[in-house]
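Naming: A, B, ... by sequence-line order, numbering from 1 per chain. The structure presented is a predicted model; accordingly, all values stated were derived computationally and were not measured.
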Amino acid sequence: MKPKVAFFDFASCEGCQLQVVNLEEKILDLVDIVQVVSFREAMKEHSNDYDIAFVEGSIMRPMDEERLIRIRTNAKILVAIGACACSGGVNKLRNKWPLADVIAEVYGDARIEGNPYFDVFPTKAVREVVAVDVYIPGCPIDRNEFAKTVTSLAFGRKPRLPNYPVCVECKKNENICVFELGQFCLGPITRAGCNAICPSNGEGCDGCRGFLEDLRVNAMKDILRKHNVSLDQMMKRFNLYNYKREGY
Amino acid sequence: MASPIDIHVEHLTRVEGHGDIFFNAKEGKVENVQWHVTEAPRFFEAMLRGKSYEHLRAITSRICGICSIGHSLASLKATEAALGVEVSEETVLLRRLALHGENMQSHVLHIGYLVVPDLFGVGSVFPMVATHKDAVVKIVGLHRLANFMSDLICGRTTHPITLQLGGFSRVPTMGELTDLKARLVASKPVTSEIAGVLASVKGNVPDFERETEYIALVDENRYALYDGDIGSSDTGSHPVSYYRSITNEYVVGQSTAKYTKHVRDSYFVGALARFNLNESKLNEFGRETAQVLGMKAPVHNPFMNTYAQMVEVADSVEDSILIIDELIERGVTGDKARVELKPGRGISAVEVPRGILFHDYTIDSIGNCTKANCIIPTNQNHANIQKDMEELAPGLVELPEKEIELTLEMLVRAYDPCISCSTHYARVHFV
Amino acid sequence: MRTMDPDQWKAFIDRLIEEPDFDVTGVTEKGSRFVFAPLGQASELRLDYDITILPPKKELLPPNEDLLTFDISKPFDVLAARHERKKVLVGVHPYDLIAINMMDQVYLGTHVDDNYEARRQNTIIIASDIINIPPKAFCGSLGTHTVETGYDLLVTPLDDRYVVTEGTPAGTALLEKFAETRESSRYDIERVEKLRAELPSRYLRSPHVDKYKWSEILEENYEHPLWEENARKCLTCGTCTLVCPTCVCYDVHDEVELDLERGKRKRTWDGCLLKEFTLVGSGEIFRETPTNRYRHRYYRKGMYLPMRYGFVACVGCGRCATQCLADIADPLEVMNVLASSSMEDKKKLPIPEVKVHGVKQELLIPKAADIIYKEPMTDIDTLYRIRLDSGEALGHRPGQFIELSIFGIGEAPISIASSPGSGPEFDLLVRKIGDVTSKLDTLALGDKIGIRGPFGNGFNIEALKGRNLLYVGGGCGLAPLRSLINYSLEHRSEFKKISILYGCKDPSSLLFRNDLESWGTMEDVDFRMTVNICRSDEGWKGNIGVITTLIPDIDMDPDTTMAIVVGPPVMYKFVIRELKQKGIPDENIIVSLERRMKCGVGKCGHCQINGVYVCLEGPVFNYADIMGLPEAF
């Protein structure tokens with residue numbers, strides 16, 4: 001029996017759902033092993049009867065929370081896809097500033113009180129509202145990792161994320177370490193699974209897949225200091241996708 | 001029609017982002033027709049506040065998953081303008097190539113996955129796999145080529161990696177460029193075939209016209225995407241620094257996104273605007289395709305935006321081949337321009353698939369962004385969509401409800417809106 | 001030796017590249033560094049390189065490799081994925097060649113790895129002498145700066161000519177077919193010898209002690225504060241093992257295509273620095289702290305591998321030292337610190353003699369087998385009876401294990417729970433805790449699985465003959481024990497007194513109830529069992545208490561009693577303490593340990609307890625042999 005699958009998005013750039021579309025011909029295989037019952041971006045039909053819900057984006061408003069809770073109730077398995085859903089991603093960058101400030105600055109003197117569309121609170125990741133069964137991290141997700149996750153789920157096997165740093169994949173690709181190119185990189189404390197795509201293209205890792213559970217942050221800070229990275233620079237980079245994550 | 005008609009399309013499908021359509025009519029008269037943007041505001045200005053100039057591109061790229069190359073380039077251009085960095089000709093050529101990849105990818109996605117189902121009377125592209133397998137396979141193939149191209153030049157299509165201040169962090173090798181050219185050349189027949197498919201269902205496109213102002217980049221040397229002046233079908237061309245006078249933003253309650261207007265109540269940005277202003281600069285393949293689709297500027301039917309996109313796909317394929325020829329002849333060095341920190345303000349304009357995009361940054365002496373302004377193309381189209389609906393609605397009132405709903409949906413889809421990117425505001429001052 | 005002018009050499013390489021029968025890979029530029037990569041033309045070859053980012057091991061043991069392909073839409077469809085394409089590898093430096101020869105011993109030794117063998121046999125190596133030296137290398141003092149054998153050809157690039165030494169008939173044939181050469185002059189040969197002779201003095205560094213002393217120094221310094229000090233700075237990123245030419249450990253996983261039919265079993269590089277290197281299905285990690293992992297690498301290179309194979313597994317290339325961001329990976333610095341160590345209390349690290357048990361069989365392709373009987377024993381434990389499709393007996397000894405394959409999911413090591421005397425079928429007791437075991441639970445009679453093995457040493461029956469046997473089984477440790485218990489009961493007269501002690505969590509966790517009942521009724525067997533806890537309504541009338549509570553009452557002469565103990569890791573300490581209290585000598589205690597296993601034949605590296613492979617020297621161990629091993633319990 002093919003599992004029924006639905007896609008949902010909240011506050012996001014929809015880049016993660018685009019990676020699903022970017023599977024190109026493999027989409028035909030995908031719709032063979034699962035039944036897509038709702039995918040607002042690509043199809044008109046919608047059904048509330050689904051087994052697996054893929055959720056992209058962060059939660060910003062009470063109306064978003066309500067919609068997410070409904071989805072959680074309908075789904076047997078909830079998969080958070082992308083940094084915005086998994087950890088809040090760049091959407092959390094505004095949490096640094098007092099909410100009243102942010103709203104005042106951005107909306108100025110527009111009359112928005114009482115309008116539910118504007119009733120925002122500090123950004124939340126999906127797991128801060130409902131239980132998440134599976135994570136597919138990254139900004140955006142890697143389409144192959146998505147395909148592997150769906151295959152595992154269809155196969156009845158729990159998908160597993162790598163628990164080792166990006167360095168492993170970077171070295172296997174025989175990249176010149178980005179530190180040698182005068183930049184710095186969060187690869188040693190970031191979860192692998194992206195095939196080190198950014199260092200492989202000459203740019204240091206920003207940690208978009210989230211830091212490892214067991215991150216060696218003190219060792220990392222020592223190394224960054226050795227490379228003349230200031231604390232301010234470190235924190236700015238750490239906070240891009242891992243805003244206020246415990247451990248540092 | 002005696003009974004009242006109340007249509008509410010919630011979370012319109014086959015568009016990027018969340019928007020609703022309302023249509024209410026009583027006794028043959030339209031009482032209300034509204035395009036209602038409900039997307040959560042994303043507060044991009046707050047994300048940029050106080051950020052180092054080094055991170056602006058990475059953050060603004062996340063405004064949109066489809067136009068991230070365009071946002072990245074607009075961001076880099078604005079930062080480079082603020083810091084006084086001039087990039088090499090090679091960098092410009094590669095950036096133009098990147099933009100073509102994005103245009104092709106986004107347009108093919110829109111044409112094939114989002115609009116064609118309507119023209120064929122189905123709910124999505126999935127059932128068409130069985131009924132029109134050949135066409136679907138070709139569309140997917142062209143989409144894949146566009147992604148391949150972006151992957152090669154930018155490292156990744158969504159949230160590109162190699163696009164950096166002053167240049168590229170990785171450039172393609174001669175072998176890779178030669179291979180890409182061969183694939184592009186081989187794709188030309190497929191591109192023509194897809195255009196043929198579109199031409200064959202042109203009869204299903206609603207016959208509606210409303211003249212409005214069309215705004216796009218213009219450049220005397222080429223069909224402008226990467227660089228140029230702001231062109232208006234009403235007022236001629238203006239320097240990019242003039243953008244605020246054109247994009248006058250104002251709030252409306254039904255939308256978390258603002259509306260814009262210039263000399264009329266609204267204006268149009270996107271492929272149709274570009275086509276109307278730049279038709280004479282199309283290359284041969286682009287011109288051929290325009291002919292096949294029966295398009296001659298100026299076109300005032302907003303539903304034809306999709307067809308203008310098809311013309312651009314062909315033009316992009318050809319222009320990419322020409323750019324690659326030039327790169328192969330010059331050789332590619334991968335040299336980057338020097339970037340030195342100094343305070344300043346920079347304004348940039350870039351054409352992304354959905355229209356003209358502006359980024360405006362002010363950077364202080366220690367490299368932090370103190371002021372940021374991003375005007376998104378779809379932002380600029382919301383007013384036009386609303387005005388189009390208002391003019392279109394009376395003509396629909398006699399039709400069956402399903403058809404009214406479909407026609408209004410098709411109107412919004414034709415604009416290829418990128419709603420989640422457009423929901424934020426301009427004129428922000430950070431301290 | 002033969003000599004070529006530069007344009008003759010270039011023509012030779014170009015002709016090799018043009019030859020359609022093989023691919024040519026050589027050292028070429030990558031940015032400011034060098035790598036081994038496919039050559040498009042001879043001008044790309046850079047024999048003046050100092051060192052490559054990754055060693056040429058990647059050509060013979062790729063970072064990602066297909067081991068076999070399968071089709072799960074069929075009952076049992078599996079094919080080996082041997083790589084048969086020929087390759088010429090140009091520019092291998094002596095230290096890297098020596099490392100390849102070390103890798104040959106691991107992969108082509110007692111058990112031949114088919115995939116490695118295919119690549120190795122199809123690769124012709126053109127080694128090259130060292131021209132430039134990277135700052136952190138120390139090959140000169142390890143004797144790895146030149147090499148006399150192991151190459152098909154060895155080229156020495158001089159300023160104005162290339163001198164080639166022939167190593168094998170294959171090398172000679174290559175020259176004859178593709179190159180124009182002349183016999184080297186006396187002068188040519190002298191220049192080559194001079195170049196090699198001058199190398200050692202050009203190295204900027206050397207260790208303070210000879211490499212053959214490293215083993216001794218490491219043996220004495222297991223508790224040196226250096227390990228923890230450096231480990232604090234360690235990112236455990238795995239870089240040192242990935243770039244090392246002698247690191248050859250790997251992991252195996254299955255991948256399935258989106259069509260849910262075709263799939264591959266893949267081998268990927270793994271490293272002991274990574275946290276999950278020793279992770280097992282139950283979630284336990286056996287080398288948990290960064291200190292243990294950081295230290296292990298040095299012991300493997302400087303002590304464990306030398307003990308096993310006779311070579312010191314460091315060739316002084318300096319890659320780890322150069323690429324470690326934390327600057328703690330340099331074997332030279334570490335050995336120098338340890339060598340000058342004036343630690344007061346230098347405890348010696350006892351290392352048992354490593355024995356290798358030859359297993360002649362096809363290594364990587366599982367054999368098809370049927371599930372012919374399935375009986376759930378508890379909520380999570382199920383007994384499976386398996387028969388190989390071929391109808392043959394497994395031919396196992398009690399105490400051995402097999403690797404059970406379910407294509408698309410993976411493999412799991414499972415102890416064999418039946419005695420070899422029970423016919424061609426064999427029993428497996430499987431606890432549902434991981435991917436493979438959970439999937440197995442959903443299979444039915446007649447479903448096919450794959451079996452590799454038997455692996456491991458099994459119990460040493462000879463040492464048990466004529467002795468009293470005290471079996472102590474905890475939880476699912478009873479499964480491998482049952483194999484020996486039933487064997488000994490089948491050969492009752494060969495053993496003296498037999499006592500069986502069995503303990504488990506609670507009455508619902510009892511395993512092998514039929515056997516328990518049967519053992520309980522045997523006159524010449526003293527059978528006792530206990531549960532840790534029990535609810536009043538469970539109707540249990542036996543002992544309640546942990547298994548150690550059964551031991552004091554046992555009455556056996558300690559000197560002639562062999563205690564065979566198998567149970568969860570946490571149990572051993574306590575049971576062994578009780579056994580010692582009864583006066584049982586260390587060498588009379590036998591244990592069976594579990595670790596993470598992938599290959600079953602001592603190649604993947606996951607099951608190491610210090611220098612000992614659980615899959616080769618174990619899983620059965622004599623307690624006296626391993627009691628001093630820090631990583632054993």
Side-chain angles (χ1 to χ4, degrees), chain A residues 9-19 21-22 24-25 27-28 31 36 39-46 57-61 63-64 84 89-91 93-94 96-97 101-103 105-108 110-112 115 117-118 120 139-140 197-198 200-203 206 208 233 236-237 240, chain B residues 11-18 38-43 45-52 55 58-59 62-66 68 109 113-114 117 123-126 129 137 140-141 143-144 147 154-159 161-162 164 168-170 251 253 256 418 420-421 424-425 427-430:
Chain A
D9 59 284
F10 290 85
S12 73
C13 75
E14 306 210 358
C16 290
Q17 285 177 84
L18 183 63
Q19 300 319 300
V21 173
N22 284 349
E24 317 295 2
E25 289 86 354
I27 288 215
L28 304 178
V31 300
V36 182
F39 193 163
R40 190 196 53 79
E41 200 172 353
M43 48 193 261
K44 205 175 156 96
E45 300 85 343
H46 169 75
S58 317
I59 310 302
M60 311 276 230
R61 311 171 289 193
M63 58 190 288
D64 298 330
C84 293
V90 292
N91 286 326
L93 289 176
R94 68 169 174 87
K96 186 172 174 187
W97 314 108
D101 269 8
V102 169
I103 294 182
E105 281 194 21
V106 175
Y107 291 108
R111 282 176 315 225
I112 56 164
N115 189 330
Y117 295 122
F118 296 89
V120 293
C139 184
I197 186 172
C198 294
S200 300
N201 276 290
E203 185 179 76
D206 274 342
C208 77
Q233 280 175 300
K236 279 207 168 94
R237 185 82 84 89
L240 269 179
Chain B
H11 283 187
L12 178 60
T13 59
R14 279 190 271 116
V15 291
E16 193 286 338
H18 299 153
T38 55
E39 180 81 23
R42 309 223 357 254
F43 295 104
E45 286 72 16
M47 288 189 217
L48 295 170
R49 188 213 279 204
K51 287 291 173 292
S52 161
H55 292 149
I59 299 174
R62 271 84 192 166
I63 291 179
C64 182
I66 312 181
S68 30
L109 180 77
Y113 290 71
L114 308 184
S124 76
V125 72
F126 297 122
V129 171
V137 165
V140 172
H143 190 250
R144 181 160 40 78
N147 273 332
C154 306
R156 186 167 61 186
T157 50
T158 301
H159 308 326
I161 301 164
T162 63
Q164 308 273 330
F168 280 73
S169 65
R170 182 192 173 282
V251 189
T256 51
C418 204
S420 55
C421 316
H424 66 156
Y425 291 83
R427 273 202 303 273
V428 184
H429 299 257
F430 304 133

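- No other option in S200(A), S58(A), C208(A), G15(A) has as many heavy-atom pairs under 4.5 Å with chain B as G15(A).
- A distance of 13.5 Å separates CD of E203(A) from CZ of R170(B), quoted to the nearest 0.5 Å.
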Could you walk me through whether L109(B) and L18(A) satisfy the side chain to side chain contact (heavy atoms under 4.5 Å, CB included) test, starting with their C-alpha distance in whole Å, then the side-chain angles of each, then the deciding distance to 0.1 Å, before giving a yes or no?
CA-CA 10 Å; L109(B) 180 77; L18(A) 183 63; 3.7 Å; yes
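- Here the closest heavy-atom approach between residue G202(A) and residue S169(B) is recorded as O-CB, 3.8 Å.
- Residue contact with chain A, scored on non-hydrogen atoms closer than 4.5 Å, involves the side chain of L114(B) exclusively.
- Shown here are the side-chain contact (heavy atoms from CB on, under 4.5 Å) partners of C154(B), two or more places apart in sequence or in another chain: I69(B), A98(B), P160(B), T162(B), L163(B).
- For the options Q164(B), H11(B), M47(B), heavy-atom pairs under 4.5 Å to chain A are most numerous at M47(B).
- Remark: the backbone N or O of C139(A) is paired with a side-chain donor or acceptor of R62(B) at under 3.5 angstrom.
- Interatomic distance, CD1 of I197(A) versus NE2 of H159(B), reported as 11.5 Å (0.5 Å rounding).
- Across all non-hydrogen atoms, the minimal contact from H55(B) to K236(A) is CE1-CB, 4.0 Å.
- Partners of R94(A) according to the salt bridge (Lys or Arg N to Asp or Glu O under 4.0 Å) rule, which considers only residues two or more places apart in sequence or in another chain, do not exist here.
- Taking OG1 of T158(B) as the reference point, atom CD of Q17(A) lies at 11.5 Å (rounded to 0.5 Å).
- Between I63(B) and C13(A), the closest heavy-atom pair is O-CB, 3.6 Å.
- Across every non-hydrogen atom of C198(A) and R156(B), the tightest pair is SG-NH2, 4.1 Å.
- Most heavy-atom pairs under 4.5 Å with chain A, from the set V137(B), L12(B), T157(B): that is L12(B).
- Both the backbone and the side chain of V90(A) come within less than 4.5 Å of a heavy atom in chain B.
- Taking CG of N22(A) as the reference point, atom NE2 of H143(B) lies at 5.0 Å (rounded to 0.5 Å).
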Criterion side chain to side chain contact (heavy atoms under 4.5 Å, CB included) on L48(B) and L93(A), from CA distance to verdict
CA-CA 8 Å; L48(B) 295 170; L93(A) 289 176; over 6 Å; no
